[in-house]
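I have placed the structure first, in the form of structure tokens, so that the comments after it can refer back to it.
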Number of protein chains: 2
Amino acid sequence: MGTSAQLHSEKAGTYHSDVQSPVCSVQDFYHHPELGPGDLEQIARAHEYQQLSRGTMLLQEGQHANAYYCIGSGIVRSFATNPSGKDITTGFTCRGQIAIEVASLFLGVPTKENFQTLSDCQVWKIPLISFHKLFNQIPAFASWGREWMSQALLMYKLRALRMITETAKDRYLRLQREQPELLQQVPLKYIASFLGVTDTSLSRIRKEIARGN
Amino acid sequence: MGTSAQLHSEKAGTYHSDVQSPVCSVQDFYHHPELGPGDLEQIARAHEYQQLSRGTMLLQEGQHANAYYCIGSGIVRSFATNPSGKDITTGFTCRGQIAIEVASLFLGVPTKENFQTLSDCQVWKIPLISFHKLFNQIPAFASWGREWMSQALLMYKLRALRMITETAKDRYLRLQREQPELLQQVPLKYIASFLGVTDTSLSRIRKEIARGN
DNA sequence: AAAAGTACTTGCCCTATGTCAAGAAATCAA
DNA sequence: TTGATTTCTTGACATAGGGCAAGTACTTTT
């Protein structure tokens with residue numbers, strides 16, 4: 001690891017995430033006031049626990065998503081590929097979050113996004129078919145889903161808005177403030193394209209910040 | 001209206017939308033394979049038809065959304081206000097689309113967006129409470145909702161991605177290609193902030209395109 | 001330990017877009 | 001009709017960020 005390791009880590013690091021306990025159980029992903037213990041058990045049974053090694057592709061452009069993943073530990077990067085060949089990081093999914101390609105999964109279209117683990121990960125995987133059953137059998141699960149989607153929609157709206165209203169530096173400072181762990185575990189180039197700049201520019205932005213805002 | 005009227009309209013125009021028939025009925029908004037005629041009637045009854053005059057605010061920053069609107073005719077603009085006072089257009093809702101602030105409506109938080117009619121509009125309004133009943137009573141309606149949300153999520157993801165990968169000119173050309181009616185009915189400044197540039201820059205972009213790409 | 005690969009920084013130059021201010025044209029108010 | 005307002009354009013100048021290429025430091029492989 002480069003400069004960021006020198007600045008932030010106790011010892012010369014790697015991009016592998018530090019060892020950290022996973023989220024306790026898959027039930028932690030489904031908090032909702034109307035979901036009772038019985039519901040949660042039924043939901044939990046629909047998931048399969050998996051250990052994935054770094055670099056695993058969960059989903060590749062052109063495929064049809066048929067499951068989503070609750071991330072117990074590790075980091076997943078999603079990215080889209082430009083016609084000109086470059087890949088643009090569209091998001092990071094961390095511990096406690098859900099890695100999912102909504103459009104492909106729920107609209108049945110081939111995905112335009114790729115999902116790749118950036119570190120060894122512990123995940124709970126649930127197939128679409130199981131999700132669908134739960135959605136129809138447990139009204140509170142459908143409500144949970146609607147709220148999750150609302151939250152996700154809000155995040156993407158905010159992201160689009162911030163791409164307009166904030167400078168690249170603003171966006172970097174926000175990321176540093178809100179998800180500092182990403183800066184320590186993810187190569188700069190992925191951070192850069194996620195923020196909408198080149199790695200060269202991000203490097204200069206960091207330098208400027210280091211000199212004293 | 002300025003140059004765009006000279007270029008595109010038959011006669012000296014105004015920003016009022018041309019007279020056009022509204023979408024036939026509110027049922028047109030709820031196409032879904034699992035929704036039967038009985039369901040659709042029940043859904044339709046939950047809506048109230050309204051005629052709104054130009055400039056009506058459907059929702060203002062800080063309020064709690066308690067309904068959404070199916071747009072039969074006219075155009076609604078949504079915008080967010082910058083800390084620095086400027087307003088940024090976040091979207092346009094046209095005939096056949098739904099004007100809704102998902103986060104406020106489904107998460108119960110005060111909205112950070114404003115919704116304003118840019119022309120006289122014919123709409124069908126449905127209160128949250130009616131929506132909620134339908135969501136719980138008609139499984140197919142919940143499925144419809146999930147698919148609608150998936151589609152909306154996809155659009156916002158694409159918007160964020162395009163703010164990164166495309167130039168302002170690209171984005172303008174795309175808008176011209178995909179929603180030409182907007183360019184003829186909406187003041188340039190709103191288009192500009194929606195595209196993420198100043199009206200000055202957009203004016204230059206248009207000039208460049210007019211000269212011959 | 002050497003070689004190869006990856007991550008990050010830096011310099012040089014260029015372009016897209018922003019800011020500010022003025023002016024022309026269209027629209028609205030009365 | 002006249003004056004006020006809004007819409008759109010244009011010019012001069014400033015700045016953020018991109019493209020390319022070189023260089024350094026760290027990491028992985030062998």
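Proteins get letters first, then strands, A, B, ... in listed order; numbering begins at 1 in each.
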Could you give the [atom1]-to-[atom2] distance, from [X] to [N], as a whole number of Å?
| X | N | atom1 | atom2 | value |
| --- | --- | --- | --- | --- |
| A:Y190 | C:dC8 | OH | P | 10 Å |
| B:K169 | C:dT15 | NZ | P | 14 Å |
| B:I164 | C:dA16 | CD1 | C1' | 17 Å |
| A:D199 | D:dG17 | CG | P | 14 Å |
| A:M163 | D:dA16 | CE | P | 16 Å |
| B:L195 | D:dC8 | CG | P | 13 Å |
| B:E208 | D:dT9 | CD | P | 14 Å |
| B:Y172 | C:dA16 | OH | C1' | 18 Å |

Could you tell me whether the phosphate oxygens of [N], OP1 or OP2, come under 4.0 Å of any side-chain nitrogen or oxygen in [X]?
| X | N | value |
| --- | --- | --- |
| A:K86 | D:dG18 | no |
| A:R204 | C:dT10 | no |
| B:K207 | D:dT10 | yes |
| B:R206 | D:dC8 | no |

Heavy-atom check, side chain of B:L153 versus side chain of B:M149, under 4.5 Å: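 Contact flag for B:L153/B:M149 side chains = no.
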Given side chains that start at C-beta, do those of A:L173 and A:I209 come closer than 4.5 Å, heavy atoms only?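 The answer is yes, as the side chains (C-beta and beyond) meet within the 4.5 Å cut-off.
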Under 3.5 Å, is there a donor on one side chain and an acceptor on the other for [X] and [Y]?
| X | Y | result |
| --- | --- | --- |
| A:E113 | A:T90 | yes |
| B:T81 | B:E61 | yes |
| B:T111 | B:Q63 | no |

Out of D:dG11, D:dC20, C:dC8, which nucleotide sits closest to the side chain of A:T200? D:dC20
A:V197 side chain, from C-beta outward: closest of D:dC8, C:dT17, D:dG17: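 Among the listed nucleotides, the one closest to the side chain of A:V197 is D:dG17.
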Judged by nearest nucleotide, the residue sitting upstream toward the 5' end of DNA chain D, B:S201 or A:A168, is B:S201
Would you kindly compare A:T198 and B:K189 by the position of their nearest DNA chain D nucleotide and give the one closer to the 5′ end? B:K189
